[in-house]
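Worksheet for the structure shown next.
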Amino acid sequence: MKKRRKSLYSCQSCGYQTPKWMGRCPECGGWDTLVEEVVTEGDRFQAAPSATRVAAPEPESILAIETLEEPRMPSGIPEFDRVLGGGIVAGSLVLIGGDPGIGKSTLMLQALDGLAQNGRRVLYVSGEESKGQIHLRSQRLGVSSGSLLVVTEIHVDAILSLLETQKPAAVVIDSVQTMYNAELASAPGSVGQVRETTMKLMVAAKKSGIPIFLVGHVTKDGAIAGPRVMEHMVDTVLYFEGDTNHIFRVLRAVKNRFGSTNEIGVFEMRGGGLAQVPNPSALFLAERPESAPGSVVTASMEGTRPILVEIQGLVSRSGLGTPRRTVLGLDSNRVALLVAVMEKKIGMNLAGLDIFMNVAGGVRITEPAVDLAILAAAASSFLDRPLPEGAVVLGEVGLTGEVRGISQLEGRAAEIRKMGFTHFIVPESGAKRLKKIDGLKVSGVRHVAQAMEILF
Ligand code: TYD
Ligand code: MG
């Protein structure tokens with residue numbers, strides 16, 4: 001049968017197919033669910049021959065399976081390698097998401113340069129910038145290895161042939177939103193194109209064993225532009241984040257088939273590219289105001305690493321009918337809950353007051369272990385009284401105002417001591433278990449009211 005059409009629009013929720021795009025699926029009524037997909041010849045018209053039998057695979061006992069140590073390639077940037085789980089895994093497909101201008105291209109070029117300097121031939125595919133622009137950037141970064149190859153290309157099939165002929169040790173595709181598959185009529189960056197590109201590259205990575213890094217832009221609401229399935233298809237999803245107005249950049253693993261998630265790498269954007277920050281605590285606390293009301297230091301676990309950060313609270317009289325609750329770098333629901341606990345359990349009347357919360361340095365913290373620190377920051381600003389000298393506050397807060405235990409207290413305590421803090425306010429359960437550290441005073445608390453008494 002002659003192939004007439006190469007693509008079809010399929011509804012992502014019910015599977016309805018149509019040759020033309022529609023805004024609403026006539027089958028299930030979903031809006032904007034039709035996505036263009038490639039149809040291979042015969043797909044539609046030929047039913048699978050029912051008589052063919054597929055050979056049954058042989059299951060194996062889980063104890064008998066041989067584990068192969070995945071060979072990992074160090075990129076020469078330890079912060080980057082750690083987030084990947086200890087280096088680049090052969091045949092892995094890694095998605096690097098982040099806002100435009102955050103430094104994804106810079107990071108990838110530097111990582112490739114690191115590989116190239118170890119004598120590996122690596123390939124940088126750009127669909128966004130001209131070779132001239134890339135050369136200019138590479139000069140700023142001090143790229144010095146001749147085995148870093150550059151090509152500007154947007155046709156995925158051309159890139160696939162390039163992989164076969166060049167056999168590079170690693171590839172970066174910058175970015176997935178610019179890639180184009182000729183089978184699909186839709187424009188680069190559309191859901192269908194992005195998905196098809198990811199699928200083809202996934203197959204290529206697995207078949208060739210070449211690790212492929214896909215750069216992807218993130219939409220305003222934080223999702224990587226393109227279908228969510230893209231995140232399911234790839235092995236690893238890294239987010240490169242940070243405020244473009246700040247110099248700090250945090251590389252975070254949100255999915256990793258070859259290592260732990262939650263691992264972060266901290267970088268600083270300099271004139272000559274990204275520099276690693278081996279001691280983030282010092283960086284995040286560098287500009288902390290001494291003994292200012294509303295400033296609280298706490299220790300947050302980022303993967304296996306404790307990092308000290310400053311939480312700031314500002315409580316002030318509101319000029320508006322509905323007071324403002326502005327939260328940056330923290331979960332705003334969590335803050336609302338803690339404010340309610342403050343009102344009900346320690347009698348601080350915050351109704352009618354504006355509350356602003358911020359994590360200094362543009363960091364984002366989701367851990368409940370910083371609850372007590374958030375509460376202390378708001379209380380400190382409310383009372384206009386600073387925390388005692390050298391205090392660090394930790395603990396999860398429950399709805400009845402109880403302070404609950406947190407994980408990895410030992411590691412956090414060590415970091416706190418290292419940074420020169422002397423007074424540690426923690427949940428009582430943890431305080432009992434904590435080994436004595438010279439020069440560190442530990443106060444265990446059970447209830448937020450108890451913590452307030454010690455602090456103010
Ligand atoms: P870029 O890697 O192009 O971001 P992305 O690929 O995520 O869109 O980096 C963009 C910003 O980084 C740009 O605004 C300038 C800044 N930058 C530096 O400050 N120093 C440097 O050495 C380089 C290369 C970029
Ligand atoms: Mg870029």
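Counting convention: from 1, in listed order, for ligands and their atoms alike.
The aromatic rings of Phe240 and Phe267 stand perpendicular to each other, their planes meeting at an angle above 60°, with 30° marking the opposite boundary.
In terms of protein heavy-atom proximity, atom 3 (O) of ligand 1 is closest to Arg137 NH1, 3.0 Å.
Nearest residue to atom 2 (O) of ligand 1 from Leu109, Asp174, Thr106 is Thr106 (criterion: closest heavy atom). Here the shortest heavy-atom distance to atom 6 (O) of ligand 1, taken over Gly273, Ser105, Gly97, belongs to Ser105.
Taking 4.0 Å as the cut-off between side-chain N and carboxylate O, Asp157 and Lys200 count as a salt-bridged pair.
Interface atoms of ligand 1 facing Arg270, defined by a heavy-atom separation under 4.0 Å, are 18 (C), 19 (O), 20 (N), 21 (C), 22 (O). For ligand 1, the atoms sitting less than 4.0 Å from at least one non-hydrogen atom of Pro100 are 8 (O), numbered in the order shown with element in parentheses.
A donor-acceptor contact shorter than 3.5 Å links the side chain of Ser380 to the backbone of Arg385. Lys20 places no side-chain N or O within 3.5 Å of a backbone atom of Leu8 that could act as its donor or acceptor partner.
Every heavy atom of Met108 sits 4.0 Å or more from the atoms of ligand 1. At least one heavy atom of Gly103 lies less than 4.0 angstrom from ligand 1.
Counted within 6.0 Å of CZ on Arg288, heavy atoms from surrounding residues, nucleotides or ligands total more than 12; the atom is thus considered enclosed. Atom CD of Glu389 sits in a sparse spot, with 12 or fewer heavy atoms from other residues, nucleotides or ligands closer than 6.0 Å. Residue-environment remark: CZ (Arg324) stays at or below the threshold of 12 foreign heavy atoms within 6.0 Å.
For Ser175, every N, O or S atom stays at 2.8 Å or more from the Mg ion (ligand 2).
Distances between N or O atoms of Gly271 and those of ligand 1 include at least one value under 3.5 Å. Geometrically, ligand 1 and Glu129 share no nitrogen or oxygen pair separated by less than 3.5 Å.
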